[in-house]
> 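Structure provided below as structure tokens; questions to follow.
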Amino acid sequence: MKFSLFHLPSFCPPFHTSDAQFYQDMLTETDRAEALGFHAVWAAEHHFYRYGGHIPSVPVLGAAIAQRTKRLRIGSGITLLPLQDPIRVAEEFALLDCLSDGRLEFGIGRGFQKVEYDAFERNMADSRILFEEAHDIIMKAWTQERFSHEGKFRRIQNLCVIPKPVQKLPPVYVASIFTPDSFEWTGRMGYNLMIVPYAVAKPETLAQNMKRFRDARIAHGHTTEPEVLAVYHFYCGETNEEAKEEARGAMMRYLQSAAEPNQEAAYSAQYAGYEKLSEGFKRMDYDAYLYPHRLVVGDPDQGAERITLIRATGITNVGLIANFGGLEHTKVLASLDRIAKNVMPRFC
């Protein structure tokens, strides 16, 4: 089992006093993850809202991380391909791979927030075509000296994109939450999978989609074992009761911030299951829905029990959201210290 730090932050006044300090806290927590032996750090792209909006550019934050760390893998969890120019994405992430000496993990996805699609003047009904076309362009840009492309949205003639990544091809992860087609496409392409288990109301639905992913890999001749990164909110306390209660307020503030940009439902048939996302966040009761089975919250022993159960589902990497909902920075650091000392050695 691999352990990663996952930055999908929620800026919560008055717990966070300034944008600048918010970033410094994220970087300090990343430094601690490196020192404690974490495998990777991931950053999620979002825009405009306090839910995730403080990371509008993963390559910028990733470059800062690359220059202050030596070993941590640096992942995009995810970059929103339909909202960006794929040539710029190819350039910026290849540059990040160069600056980090080949430590990039390239996580991609379609995104799901209507407000973001509207602001960037994209039609959600085009999300899959935009995503797949951007993917194809980026792969060509990284693997061919010069390339051309004829697509619905972009036409490219004899273009040389520089720089190229240090890695022949950075590992690719695709975020899939509800949509079966996304799991199947990820498996068919032979890529790694990124999931968010707490968002899926029925565990059996996620299990079926993960099987769909694995079956598609096998059917298309991919014989290696994939990485499956699962994202969990995380707090390791000295006791179970302390951990449960210290995480409670922060988790509920986090969910409130996640509901804010999702007041309007996704307006495309490609987003079945997202129609009442805002209401879904509001229904995530802490005691009845979240704790303990959809979080990694507790003392070290309970944390290890949760990781054991998670590993049994086929997950190979836990992405731990340690800083969420205004949780005090010193408590975030102490939580990271506890899991590294008391939990991670059990899974080496």
Side-chain angles (χ1 to χ4, degrees), residues 1-12 14-16 21-22 24-44 50-52 54-55 77 195-199 229-258 281 284-311 315 317-347:
M1 177 66 76
K2 295 174 182 176
F3 291 81
S4 295
L5 180 64
F6 203 99
H7 291 308
L8 202 174
S10 50
F11 188 88
C12 294
F15 302 96
H16 300 124
Q21 187 59 52
F22 195 48
Q24 288 305 312
D25 289 349
M26 278 192 276
L27 290 171
T28 299
E29 290 152 14
T30 301
D31 293 343
R32 186 65 63 89
E34 162 115 330
L36 293 172
F38 278 60
H39 171 70
V41 58
W42 297 78
R50 59 196 185 98
Y51 169 72
H54 277 75
I55 308 181
I195 58 175
V196 186
Y198 87 92
L229 171 67
V231 181
Y232 289 90
H233 293 81
F234 150 77
Y235 184 70
C236 188
E238 293 184 353
T239 68
N240 275 335
E241 190 61 26
E242 174 194 89
K244 177 182 178 182
E245 294 310 314
E246 289 188 343
R248 179 189 295 273
M251 190 67 214
M252 301 317 292
R253 288 190 295 271
Y254 184 94
L255 293 175
Q256 182 182 25
S257 73
F281 283 124
M284 290 182 183
D285 180 81
Y286 189 76
D287 295 290
Y289 181 85
L290 291 168
Y291 181 87
H293 299 299
R294 299 177 187 274
L295 308 171
V296 180
V297 170
D299 66 8
D301 287 339
Q302 180 158 297
E305 290 174 8
R306 290 287 299 117
I307 299 297
T308 299
L309 292 172
I310 289 167
R311 182 173 61 180
I315 290 162
N317 189 342
V318 285
L320 301 174
I321 301 179
N323 182 340
F324 57 92
L327 191 62
E328 186 180 329
H329 177 57
T330 56
K331 291 182 177 179
V332 172
L333 294 176
S335 173
L336 292 172
D337 289 344
R338 289 189 193 101
I339 195 171
K341 178 181 179 181
N342 301 304
V343 178
M344 287 166 56
R346 308 187 197 188
F347 296 90

> Where the side chain of Ser335 meets the backbone of Lys331, is there a donor-acceptor pair that is under 3.5 Å apart?
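The answer is no, because no donor-acceptor pair under 3.5 Å joins these two groups.
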> Is there a ring pair (Phe, Tyr, Trp, His ring centres under 6.0 Å) between Phe11 and His54? Walk through the geometry before answering.
CA-CA 8 Å; Phe11 188 88; His54 277 75; 4.6 Å; yes
> Is a side-chain donor or acceptor of Ser4 paired with a backbone partner of Val41 at a separation under 3.5 angstrom?
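Absent.
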> Can you name the closest pair of heavy atoms from Ala322 and Val332 and give their distance?
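Minimum heavy-atom separation between Ala322 and Val332: O-CG2, 3.4 Å.
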> Considering only heavy atoms from C-beta outward, does the side chain of Leu290 approach that of Tyr198 to under 4.5 Å?
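A side-chain contact under 4.5 Å exists here.
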> Indicate yes or no for a side-chain donor-acceptor contact from Glu245 to the backbone of Glu241 under 3.5 Å, with no hydrogens or angles considered.
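Answer holds: no.
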> If only atom types and distance count, is the side chain of Arg50 paired as donor or acceptor with the main-chain N or O of Cys12 below 3.5 Å?
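Not at all, since once roles are kept as given, no pair shorter than 3.5 Å links the two residues.
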> If I compare all heavy atoms of Met26 with all of Pro9, which pair ends up nearest, and what's the gap?
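Distance-wise, the nearest heavy atoms are SD-CG, 4.0 Å.
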> Got a donor-acceptor contact below 3.5 angstrom from the Tyr235 side chain to the Asp299 backbone?
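Side chain of Tyr235 to backbone of Asp299, a donor-acceptor pair under 3.5 Å: no, none is there.
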> Ile339 versus Phe3: any side-chain heavy-atom pair under 4.5 Å?
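Yes. Closest side-chain heavy atoms under 4.5 Å.
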> Within 45° of the ring axis of Phe347 and under 6.0 Å from its six-membered ring centre, is that where the NZ or CZ of Arg311 lies?
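Because its charged atom misses either the 6.0 Å distance or the 45° angle limit, Arg311 does not stack over Phe347.
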> Grab the two heavy atoms, one from Ser10 and one from Phe324, that are nearest each other, plus how far apart they are.
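So the two residues come closest at OG-C, 3.8 Å.
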> Is there a side-chain contact between Pro197 and Arg294, using heavy atoms and a 4.5 Å cut-off?
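Not touching, per the 4.5 Å side-chain cut-off.
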> Tell me if a side-chain donor or acceptor on Tyr286 pairs with a main-chain N or O of Lys244 at a distance below 3.5 Å.
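Yes; at least one donor-acceptor contact below 3.5 Å.
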> On a heavy-atom basis, which atom in Gly298 and which in Asn240 lie closest, and how many Å separate them?
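Nearest pair, atom of Gly298 first, then Asn240: CA-OD1, 3.4 Å.
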> Can you label the angle between the Phe22 ring and the His16 ring as parallel, tilted or perpendicular, going by 30° and 60°?
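Judged by the thresholds at 30° and 60°, the geometry between Phe22 and His16 is tilted.
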> Using side-chain heavy atoms (C-beta onward) and a distance below 4.5 Å, is Leu336 in contact with Phe38?
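Counting from C-beta outward, Leu336 and Phe38 do come under 4.5 Å.
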> To the nearest 0.5 angstrom, please state how far the CG atom of Asp301 sits from the OG1 atom of Thr239.
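Asp301 atom CG to Thr239 atom OG1 measures 11.5 Å (nearest 0.5 Å).
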> Return the CG to CZ distance between Leu27 and Arg32, rounded to the nearest 0.5 Å.
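Answer for the CG-CZ pair, Leu27 versus Arg32, is 13.5 Å.
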> For the rings on Phe6 and Phe234, is their centre-to-centre separation under 6.0 Å?
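When the ring centroids of Phe6 and Phe234 are compared, they turn out to be at least 6.0 Å apart.
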> So how far is it from Leu320 CG to Trp42 CH2, rounded to the nearest 0.5 Å?
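Here the rounded value is 13.0 Å.
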> Working to the nearest 0.5 angstrom, can you tell me the gap between Glu246 CD and Glu328 CD?
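Taking CD in Glu246 and CD in Glu328, the distance rounds to 8.5 Å.
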> Roughly how far apart are Leu327 CG and Asp25 CG, rounded to 0.5 Å?
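If I round to the nearest 0.5 Å, the distance is 11.0 Å.
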> What heavy-atom pair brings Ala340 and Met344 nearest, and what distance separates the two atoms?
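Where Ala340 meets Met344 most closely, the heavy atoms are CA-SD, 3.6 Å.
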> Would you say Val318 and Met1 make side-chain contact, with heavy atoms under 4.5 Å?
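Yes, side chains in contact.
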> With heavy-atom distances below 4.5 Å as the criterion, would you say the side chains of Ile307 and Val296 are in contact?
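Yes, close enough: below the 4.5 Å cut-off.
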> Under a 4.5 Å cut-off applied to non-hydrogen side-chain atoms, are Val343 and Arg338 in contact?
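The answer is no; the side chains never approach within 4.5 Å.
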> Looking only at atom types and distance, does a side-chain atom of Arg346 sit under 3.5 Å from a main-chain N or O of Asn342, one as donor and one as acceptor?
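At least one qualifying donor-acceptor pair exists.
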> Could you go step by step and tell me if Leu8 and Val231 meet the side-chain contact (heavy atoms from CB on, under 4.5 Å) rule?
CA-CA 10 Å; Leu8 202 174; Val231 181; 5.9 Å; no
> Return the minimal non-hydrogen interatomic distance between Gly77 and Ala44, and the atom names on each side.
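Result for this residue pair: O-CB, 3.1 Å.
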> Side chain to side chain donor-acceptor pair (under 3.5 Å), that's the test. Do His7 and Glu29 meet it? Break it down for me.
CA-CA 10 Å; His7 291 308; Glu29 290 152 14; 4.6 Å; no
> Do we get Arg248 above Tyr291's six-membered ring, with its NZ or CZ under 6.0 Å from the centre and within 45° of the axis?
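No.
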> Can you check whether Ile195 reaches Ile315 side chain to side chain, under 4.5 Å on heavy atoms?
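With C-beta onward as the side chain, the pair touches.
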> Closer than 3.5 angstrom, by distance alone: can the side chain of Arg306 be matched with the main-chain N or O of Val297 as a donor-acceptor pair?
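Answer holds: no.
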> To the nearest 0.5 Å, tell me how far Leu295 CG sits from His233 NE2.
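Atom-to-atom, Leu295:CG and His233:NE2 are 8.0 Å apart.
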